[in-house]
Amino acid sequence: MSGHVAPRPGHRVSVGVHPVLRYAVRRVLAGAGTLLVLSVLVFLATSVLPGDAASAVLGRNATGPALRELRQEMGLDQPIWVQYRDWLTGLLQGDLGRSVSSYLTGSDVSVWSQVGGKLSNSLTLAALAFAVIVPVSLAGGVLVALRAGRWQDHVISTVTLVPSALPEFVLGTVLLAVFFTWLDVLPPVSLIAPGTSPLEAPDLLVLPLLTLVGVTVGAAIRMIRAGMLDALAADYVTVARLNGIAEPRVVRRYALRNALAPSIQVFALIAQYLVGGLLIVEYMFAYPGIGNELVQAVTIHDNTEVRSVTMLLAAIYVALMILADVIVLLVVPKLAEVGGSA
Amino acid sequence: MTTDLIARLVPRRSWWPATRAGRVGLVLLVATAGAALVGPFFAGSPDRSVAPPFSPPDGDAPLGTDFLGRDVLARLLTGGESVLLYAGLATLVAYAVGITVGLAAGYLRSWPDPLLMRSVDVLLSFPSLVFILLFATAFGRGIGAVVMATAVIQLPAIARIIRTATLTQSARGYVEAAVLRGESSSSVLRREILPNITRTLSADVGLRFTWSVLLIASVNFLGLGLQPPNADWGLMVSENRAGMSVALNPWAVLAPALMLGLLTVAINLLGDAMSGDKK
């Protein structure tokens, strides 16, 4: 995945707005445009299947009048563009609509009330994974770069290569076999009661966390190693060395700082990856998060929930992408001068 | 002189990986893919119950039985070809359509251009897996939708690479000469440009195939791809999860998971070596 597009060099515009701010605004607008296009596609994708949501609720024994009444209640009697408009305005006001299953039970619960707690569970898991991945891969990547070609490099590169090549559920299965089947120290599923925080049961988080970390850390170390090696080979590092600056200082002050910018992009990629990776890991460990929720919604054909949750995930995804690019510009002002005002 | 000629006529063994990791990958791939493709001819019936559910390994069923009492080894041997087949199909479709669109966009320099750029933007704005789930919602559950979605995800990126390569080539003298000779556009594309961009083309076939395998296996695991009673490694892992405890038969889950693991590690190593990643 080549997520990041390098800012093109261009002429400077002499306006009193901070270049990074200009860049951020432009990216946010472009992101909003992309999401708008996406919303049309998502809406169509969740509307095309023959047999609409109303008949999905009532099942096969739907009679004419009952079906008509429900269709009216769900707004399905409206032309499709009106339905789209209503859904989109709802989304923009933070209203994710009602799920098909809520019509089934007759309860007036919104998608948000079904999904809100799960979103926070997912965020907890993702944040914890991120908090492990960042220091581990930074330390690993820098160490490996400083020892490039020596045994430390070979050992770490080989050991991390295998798990990062595996699908999440394969690594998860291997971990389950070790920690549940064989050692019997960790639970096989991570069921968390609604309303309680996953942090109250740390042992439930270990396996999902290990899986997420295992599949990402190898790639992260490789990318950070590459960035660090580039920085170590740069002219300014050679000049610093020739000036007689001590090697630890060269590494810290000169190489590390400049290797940081590509690292931020690596972590942005990982944050983005986590949005999708959570889907599998949550499903695998029955963890009540947004990814698992989406899989369940697709499984039971709850199209109104699928479309809103998809848009929610896409918005998070795009926001992460923009955030990362903006942070990179803030860390490396040089890039802002050439690219930010282009 | 003759050896020189032979060297020129017989291309370097480009399929033989240059790195040791690549060679390990090739061997692993031949082993796992071989088992997957040849296995079905040797396996017993994968659908017949032979013993109580989750029986541990014994003489009749060397890997025990699954949640319906079916022979795990028989299902393991039959369950591998689906991943390879469908991932191969998805990659093939992605390349077939991607090359056509990319060539047209690069040579004709017309409408597909902005469309390609925008579609990549949209596809990059959410996880591939979510895209497949959306596809499954729109076109019904099942492997057809999954293969289609996997192809669609990779298509724009392929088309963009081909487009750029075509743009570069079509400015070259030999293309202009062909046009002046009066060759038709399709013939110029087929006979002049295509042979000259195969290198760009083949650079990441391996990585894209890896990607297809990962996605399709994962969707099968989620139960939204191939449906029971099909034997498929991804599906086997998810449907037998209840048997993970020691008292039951963990092999029903572990065996297909390990086979998938070997396969993905193998194609990763090989894909890296093929794309010239001199790590």
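Note: hydrogens, waters and symmetry copies are ignored here, and every other heavy atom, side chains too, is used. Each chain gets a letter, A, B and so on, in the order its sequence line appears, and its residues count up from 1.
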Does any heavy atom of chain B fall under 4.5 Å from the side chain of [X], the backbone, both, or neither of them?
X: A:Leu313; result: side chain
X: A:Pro167; result: both
X: A:Val306; result: side chain
X: A:Val37; result: side chain
X: A:Val42; result: both

_Stepwise side-chain contact (heavy atoms from CB on, under 4.5 Å) test for A:Phe169 and B:Leu260_ = CA-CA 10 Å; A:Phe169 70 93; B:Leu260 261 177; 3.5 Å; yes
_Would A:Val162 and B:Asn268 count as a side-chain contact (heavy atoms from CB on, under 4.5 Å) here? Give the steps._
CA-CA 9 Å; A:Val162 171; B:Asn268 253 287; over 6 Å; no
*Do B:Arg241's NZ or CZ and the ring of A:Tyr283 fall within the cation-pi criteria of under 6.0 Å and 45°?*
yes
*Leading residue by heavy atom contact count with chain A [cutoff under 4.5 Å; candidates B:Val122, B:Val265, B:Leu222, B:Leu269]*: B:Leu222
*Per-residue contact mode, B:Val237 against chain A (heavy atom under 4.5 angstrom)*: side chain
*asked:* Taking side chain as everything from C-beta outward and backbone as N, CA, C, O, which of these in B:Leu224 sits under 4.5 Å from a heavy atom of chain A? Side chain, backbone, both or neither.
replied: side chain
*Distance from A:Leu279 atom CG to B:Ser128 atom OG, nearest 0.5 Å?*
11.0 Å
_Under a 3.5 Å distance rule, please check whether A:Thr181 uses its side chain to pair with a backbone N or O of B:Met244 as donor and acceptor._
yes
